[in-house]
Amino acid sequence: MSTVFGVPTQALFGQLLIGLINGSFYAMLSLGLSVIFGLLNIINFAHGAQYMMGAFAAYFLLQWSGLGYWWALLVAPIVVGLFGIVLERTMLKRLYHLDHLYGLLLTFGFALVIQGMFRHQFGSSGLPYAIPAELAGGQNLGFMFLPNYRAWVIVASLGFCLGTWYVIERTKLGSYLRAATENPALVQAFGVNVPRMVTLTYGFGVALAGVAGVLAAPIYQVNPLMGADLLIVVFAVVVIGGMGSIMGSIVTGFALGVVEGLTKFFYPEASNTVIFVIMAVVLLVRPTGLFGREK
Amino acid sequence: MKKTLIVLAALLAFSADPARAQISDGVIKIGVLNDQSGLYADLAGLGSVVAARMAVEDFGAAAKGMKVEILAADHQNKADVGSAIARQWYDVDKVDLIVDVPNSGVALAVSQITRDKAKALIVSSAAASDLTGKACSPNTIHWTYDTWALANGTGNAIVKTGGDSWFFITADYAFGHALERDTEAVVLKNGGKVLGKVRHPLSTQDFSSFLLQAQASKAKIIGLANAGGDTTNAIKQGAEFGIVKGGQNFAGLLVFITDVHALGLEKAQGLLFTETFYWDMNDKTRAFAKRFAERDRGIHPTMIHAGVYAGVLHYLKAVEALKSDDGTKVIAKMKEMPTDDPLFGKGTIRADGRKIHPAYLIEVKKPSESKYPWDYYKIRATIPADQAFRPIDQGDCPLVKK
C-alpha cells in the first residue's frame, strides 16, 4: 500500500472527503455572514442561533405536523428567514448609521437570549432527528465508507453556495444590491426600494443559516448549543476569506474544512485551534483576508 | 407589627441556638458548582441543585432548627472560572460545602482550594480516579463513581465476552485521560490489546474523522472515553458510518440516562456500560425519581443527581452529629459514620475519600422492551461493593498508611 507522510493514501483520501463535508457547513454559514456583512455592514452574531433555529424548525415540523426532511428543507429556511426579517425591521435597521459594534452587540445579545431560551426548554443533550429514508445507508468507496447523507450535504451546499454567488455577482438583481451598498442614496434615486432590498437580503442570509441547520440536524443532535460551538470557527473562516467576499468565503470554507480534517488525523488535539492559528497568520500577512479588497 | 416580627425572629433564632453552637454564621451554606449551560448541563446542571434541595428537605433541616442555604453557579467547564467561584464562595460568601463539580479538570482544582481553605467538597460528577488516588485530600469525598469503577465494570465484562481488541476515542483532558488509562489497564490485564487511540477536544461536534480511524484500526471495540454530548454525537455518527453494521461495537465508558434519552433507544440499544444508580431499581428509587422529575422538567435523575442527594444528606447527618460545620472535621466524621440513604442503601466512606457501594453493569433495552417513559435499562450484573472500586492500597493516596 502506498503512503504519504507515513499515512496510507486510502486513509488520507477518507480524511480529505470528511474535511470537505465539514467544510460544506463552514462555507454555507460563512457565505450567509458574508452576504449580510457585504451588503448591510452588520456583523451578524446571531447567525449561529439562526442555524440552530433551522435545525429546531425541522424537528418541530416533524414532531408537530409530521412534515419530513424534504419539507423541512423548504419550510424551515422560510420560517427562520421571516424571523430574521422581523428582527431587521424592528431593531437592526435602527443601527445602520452607527458603528459596526452596535449591530454586533445587538445580534450577540439576541443569540444569547435565543440559545438560553431553547436550552431552558429542551436541555443541552439535544434531540434526535433521523436521516431521511431516501438517504440512509452509504457507499463503500474502497478507501472509506461514505454515508449517502454526507454526500448529499456536499452536493446541496455546493449548489446553495454557487447559486448565491451567481445571483449576487452575475444577475441584475445582484448588481442592484451591490450598487446599493456603494451608494444607497443614488440607487434610491433611480426608483429602487433600497430599505426593502436590504431587509430581504438579511432575510436571505439568515435563511441560508436555516438551510445549514436543516442539513446539520440528521448528523448532529438537534442541540441548543450547536450554533454557539460553530459560530466562532465560522467567523474565523470569514476573516480568513476576507470580510464580505462571497467567493472568498465559499472557497475558504471548504479549504479550511479540509485543513481541519487533516489536523484531526495528524494531530487531533489541535483540531479546534488550527483554524485560529491560520487566521492569525493570514491577518499578519494579508490583513484584508485572502480574497478581501482594500476599501 | 414590625416589633412583633423582630421578637419572633429573635425567638426563632434563640430556640435553634443549641443545635448550631458551632455553625459558622449560624447558616450551613452549600454551593452546587457545575456546568449549567454546556454539554454536561443535563446530566448534572440544575438537576443537581434540585437534588441538593431535596436532600435538605428530606433531612428535615428546618424542623431540626438547622438553617441550610443552597447556592448554585455555572463553571462553564473552565478550571479558572470554577476556581474563582470556589474562592469567592469560601472567602466572601462563607460557603461550607461545595458539591457536584463535573469535569475532572475543574474538580481537581477545586479540591486543592478546598483543602487549602479547610472546607468540604463532595464530588459526584467528576470521574477521574485521581481524586482518591494521587490527588486525594482530607477535605474531599468522591461519592458516585470513578474512572476505575467504570473501566473495571465495563472493561471486564466486554473483554470476557470476546471484545479483546480496542480503539479509544478519548476526550482530551484529565477525565478522558484517566478513563482511557484505567480501561486500558483492565483490557491488558484480561489479555486484550489496544490497537490505537485518538484524542479529541472537549465538546467536539463532528466525530467522523475519528470514527474513520477507528474503523480502519479493525478493532472489535471502540471505547468512548468521553461523556455527555461528545458520547451521543459519536454514537449517532457511528451509526451513520455503519460502525455497528460493520461488526465493530461501541463501549460507552461513561453513559448517563440523559444521554440514552437524547439518543433514543433505536440508536442506543445494546450499549453496555457501568452505573451506580438507576431510578427504576426499587420503590425508594422510584419514589425519588417521581419527585425529582416533577421538579426538573420531567428529566429522570442520573446517578450524579442521586450522588448529590445522598452526599448532602450524609453531610447534614455528620454536621448534626458533630454540631459543627468545620470542613475538615465534618469530612472526618462522614468517613467515620456508616452511610445509609434511600438511593445507594448502606455503605461506607474510606480513608482516601472513596464512597463505597455496589455498581451495576447496564445494558440499554431494545425499543420493543421499553414499556413506559424512561424505561431504558436492563441490569445485567451487580458488582458487589467490595469489588466495585479500586482497592485502597493501589491508589497511591498519601492519606492511606501503608
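Here the structure is a predicted model, which means the values were calculated and not measured. The chains referred to below are lettered A, B, ... by the order of the sequence lines, with proteins before strands, and numbering in each begins at 1.
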Subject >> Per-residue contact mode, Asn272(A) against chain B (heavy atom under 4.5 angstrom) >> reply: both
Original post:
Under a 4.5 Å heavy-atom cut-off, does chain B meet the side chain of Pro218(A), its backbone, both or neither?
Top reply: backbone
Original post:
Taking C-beta and beyond as the side chain, do Arg297(B) and Gln121(A) meet within less than 4.5 Å on heavy atoms?
Top reply: no
Subject >> Minimum side-chain heavy-atom gap Ser208(B)-Arg150(A) below 4.5 Å >> reply: yes
Original post:
Once you round to the nearest 0.5 Å, how far does CG of Leu46(B) lie from NE2 of His120(A)?
Top reply: 8.5 Å
**OP:** For Leu212(B) and Ile18(A), work out which heavy atoms get closest and say how close.
**Re:** CD1-CG1, 3.5 Å
Subject >> Toward chain A: residues of residues 195-205 of chain B with heavy atoms under 4.5 Å >> reply: Val198(B), Arg199(B), Pro201(B), Ser203(B), Gln205(B)
Original post:
Under 4.5 Å, heavy atom to heavy atom, which residues of residues 227-241 of chain B contact chain A?
Top reply: Thr232(B), Asn233(B), Lys236(B), Gln237(B), Glu240(B), Phe241(B)
Examine whether an atom of [X] lies under 4.5 Å from a heavy atom of chain A, and if so say whether it belongs to the side chain, the backbone or both; otherwise answer neither.
X	answer
Ala41(B)	both
Asp206(B)	both
Phe210(B)	side chain

Original post:
Within the distance-only criterion (no hydrogens, no angle test), does the side chain of Ser209(B) pair as donor or acceptor with the backbone N or O of Phe265(A) below 3.5 angstrom?
Top reply: no
**OP:** Please determine, among Gly264(B), Gly242(B), Ser37(B), the option with the most heavy-atom pairs under 4.5 Å with chain A.
**Re:** Ser37(B)
Subject >> For chain B, the option from Phe25(A), Tyr149(A), Tyr267(A), Phe145(A) that forms the most heavy-atom pairs under 4.5 Å >> reply: Phe145(A)
